[in-house]
Number of protein chains: 2
Amino acid sequence: MGLREAKKEKTRLAILDTALDLFLEQGYDSTTVEQIAGSVDISPRTFFRYFAGKDHLALWFHDHGEEIMLDTLRSRPADEPAFTSLMHTLRAVLADMEDSTPEDTSRFLKLRRLLDEHPHLVGLSVARGAATERRLVAEIAGRRGTDPDTDRFCHLIVAFAMSTMRVGFECPKPAVEDVREIAARLEETIDLAHSLLRPDLHG
Amino acid sequence: MGLREAKKEKTRLAILDTALDLFLEQGYDSTTVEQIAGSVDISPRTFFRYFAGKDHLALWFHDHGEEIMLDTLRSRPADEPAFTSLMHTLRAVLADMEDSTPEDTSRFLKLRRLLDEHPHLVGLSVARGAATERRLVAEIAGRRGTDPDTDRFCHLIVAFAMSTMRVGFECPKPAVEDVREIAARLEETIDLAHSLLRPDLHG
DNA sequence: TGTCATTCTGTCACTGACTGCCATAGATTA
DNA sequence: TAATCTATGGCAGTCAGTGACAGAATGACA
């Protein structure tokens, strides 16, 4: 990585960390982009060159997660049952979380607290998830050789998988302060989802 | 209903209809609140007294649907399996749709087209659905006598139900121009969901 | 080391959503 | 008719987000 990109990444993370702290201190709505930019000594205009919008700060994890999910899905054998592949993608996100840097886990936990305190942001998060869902549907429909616009089985199975992930991450109580707890909880939720679905769905 | 309220409702619908038409003609983003207000001869300030925001125009159906779902859910026997009750609430929305006024179905179809053309709005719609989901979870957890914050089964089953509804409504192709088609499609999706879940879940 | 092209950054001006405040017009009731 | 309540409009202001331009920092290369 060039010196230039390294610096950009540093700025990016500085913005993110400052913003998360400010959000947690004074609330999401009461924190302005101007204030965030000021705290990192950049202009508001520059802020928008690093993040497409204020809300993208709270969605930072989604981009990363989506990438992992799509990569994993593509690496699964094409003849594997869709539901099984999807569960593997969920576990891949989980695995990535577990061996991320301490800085990243700290960010993740802050983000979790932020979402807990601001139901409005959960809405944004779910909306972002819908975009991921579309991409997963496209991927799986492609694998099955069906039309993503009409293959309702495909939509439904992906929606169920995303629901599983969301519920695993969202369930707020008891409060977590460790990534492994979240991982365990997601693991449990995956098992629960398994137990709710017809056994023959997962190969 | 008093004369006063009748007039308010009329204004409300005038705003809604005008806005939907403008959105479909020129796109959601290119249509400003000022323009909508102008077309109905009210001030922009007044617009915001009828709708909390521009996006609430595209979410108008959700408020109605949520009400129906909650009402139906509360009217179901307390000892009915959660999943069964939830499927009844879905069908209740469907039934309401089928015997609504021609004006309402026209609005609904316009809304459908709008969502098809603007993926961004689907995000908003899903976010609104998340709020409904929380309320359904609270209701069902109450019925089961569990804590909504920890009862993951409850979250998951509600999330599955909402996914079913969403997929039923969303699946865009082939294009629909009749409410009965949408109803039939949702019906099919409900059946599909049934077939995916373990048989003993639905009493 | 000094030039040169590339890329980053800040400033400015602007649009558009949304809100609080206050004054007024219009309807409601006594 | 007078008093009251409510719907509305106008105004001023905040904040997110964008396009355009100019200057500064950076990397490549002679």
Side-chain angles (χ1 to χ4, degrees), chain A residues 1-16 18-20 22-23 25-60 62-63 114 118-121 123-125 127-128 131, chain B residues 1-16 18-20 22-23 25-60 62-63 114 118-121 123-125 127-128 131:
Chain A
M1 192 196 293
L3 209 155
R4 208 168 199 146
E5 293 187 19
K7 194 182 167 189
K8 273 191 83 171
E9 190 58 18
K10 206 178 125 195
T11 309
R12 192 183 160 76
L13 291 176
I15 298 175
L16 183 58
T18 309
L20 285 177
L22 286 173
F23 289 160
E25 275 169 35
Q26 6 166 331
Y28 179 80
D29 292 322
S30 318
T31 307
T32 69
V33 170
E34 195 182 350
Q35 191 184 2
I36 298 169
S39 306
V40 203
D41 284 309
I42 58 170
S43 74
R45 189 66 186 86
T46 299
F47 169 88
F48 288 106
R49 293 201 177 93
Y50 281 90
F51 293 91
K54 189 181 162 184
D55 51 356
H56 276 58
L57 290 165
L59 297 179
W60 132 85
H62 285 70
D63 298 326
L114 191 62
H118 298 267
H120 161 250
L121 292 180
L124 284 186
S125 160
R128 177 67 181 80
Chain B
M1 195 195 291
L3 208 156
R4 208 170 198 144
E5 293 187 21
K7 194 184 166 190
K8 275 192 82 170
E9 189 59 17
K10 207 178 124 195
T11 308
R12 192 184 159 75
L13 291 177
I15 298 175
L16 183 57
T18 309
L20 285 178
L22 286 173
F23 289 160
E25 275 168 37
Q26 6 168 315
Y28 179 79
D29 292 322
S30 319
T31 307
T32 68
V33 170
E34 194 181 349
Q35 191 183 1
I36 299 169
S39 306
V40 203
D41 284 308
I42 58 171
S43 73
R45 190 65 189 86
T46 299
F47 169 89
F48 287 106
R49 292 204 175 90
Y50 280 91
F51 293 91
K54 188 180 161 183
D55 51 355
H56 276 57
L57 289 166
L59 298 179
W60 133 85
H62 285 70
D63 297 327
L114 191 61
H118 298 269
H120 162 249
L121 291 181
L124 284 186
S125 160
R128 177 66 181 81

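Numbers restart at 1 for each chain; the letters A, B, ... are given by sequence-line order, proteins then strands.
Inter-residue side-chain proximity for F23(A) and L121(A) is flagged as unmet; no heavy-atom pair is nearer than 4.5 Å. Side-chain contact between I15(A) and I36(A) is present, with heavy atoms from C-beta onward closer than 4.5 Å. No side-chain heavy atom of L16(B) sits less than 4.5 Å from a side-chain heavy atom of Y50(B).
The two residues D29(A) and K54(A) come nearest to each other via the heavy atoms O-NZ, 3.9 Å. The heavy-atom pair separating Q35(A) from S30(A) by the smallest distance is OE1-O, 3.9 Å.
One atom, CG of D29(B), and another, C1' of dT15(C), lie 13 Å apart when rounded to the nearest Å. Atom NZ in K7(B) sits about 7 Å away from atom P in dT8(D), given to the nearest Å. The separation between H120(A) atom NE2 and dC18(C) atom P is 11 Å, rounded to whole Å. Between the NE2 atom of H56(A) and the P atom of dA16(D) there is a distance of 15 Å, given to the nearest Å. Rounded to whole Å, atom C1' of dA17(C) lies 13 Å from atom CG of L124(B). I36(B) has its CD1 atom 11 Å from the C1' atom of dA17(C), to the nearest Å. Residue D55(B) contributes atom CG, which lies 17 Å from atom P of dA16(D) at whole-angstrom precision. The interatomic distance linking E34(A) (CD) with dA16(D) (P) rounds to 8 Å, in whole Å.
Listed candidates were dC21(D), dA25(D), dT8(D). Nearest to the side chain of R49(A) is dC21(D). Ranking dA17(C), dT7(C), dG10(C) by closeness to the K54(B) side chain, first place goes to dA17(C). Between dA16(D), dT18(D), dG10(D), one nucleotide has an atom nearer to the side chain of T32(A) than all others, and that is dA16(D). Nearest to the side chain of V33(A), among dC5(D), dA16(D), dT26(D), sits dA16(D). Nearest to the side chain of R45(A), among dG17(D), dG19(D), dT8(D), sits dG19(D). Proximity note for Y50(A) (side chain, C-beta onward) versus dA16(D), dA17(C), dC8(C): the nearest is dC8(C). You'll find that the side chain of K8(A) is closest to dC8(C), out of dT19(C), dC8(C), dG17(D).
Among the protein residues, F47(B) comes within range of no part of the nucleic acid, since none of its heavy atoms lies under 4.0 Å from any strand. T11(B) comes within contact range of no nucleotide atom at all, as no heavy-atom separation falls under 4.0 Å. Residue F51(B) is out of contact with every strand shown, counting any heavy-atom pair closer than 4.0 Å. Within the 4.0 angstrom heavy-atom criterion, only backbone atoms of the sugar-phosphate kind lie near D41(B); the bases stay farther away.
With DNA chain D read from its 5' end, the first of the two nearest nucleotides for R4(B) and T46(B) is the one closest to R4(B). Of the two residues contacting DNA chain C, namely A52(B) and I42(A), the nearest-nucleotide position lying further toward the 5' end is that of I42(A).
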Residue pair V33(A), F51(A): steps toward the side chain to side chain contact (heavy atoms under 4.5 Å, CB included) verdict: CA-CA 11 Å; V33(A) 170; F51(A) 293 91; over 6 Å; no
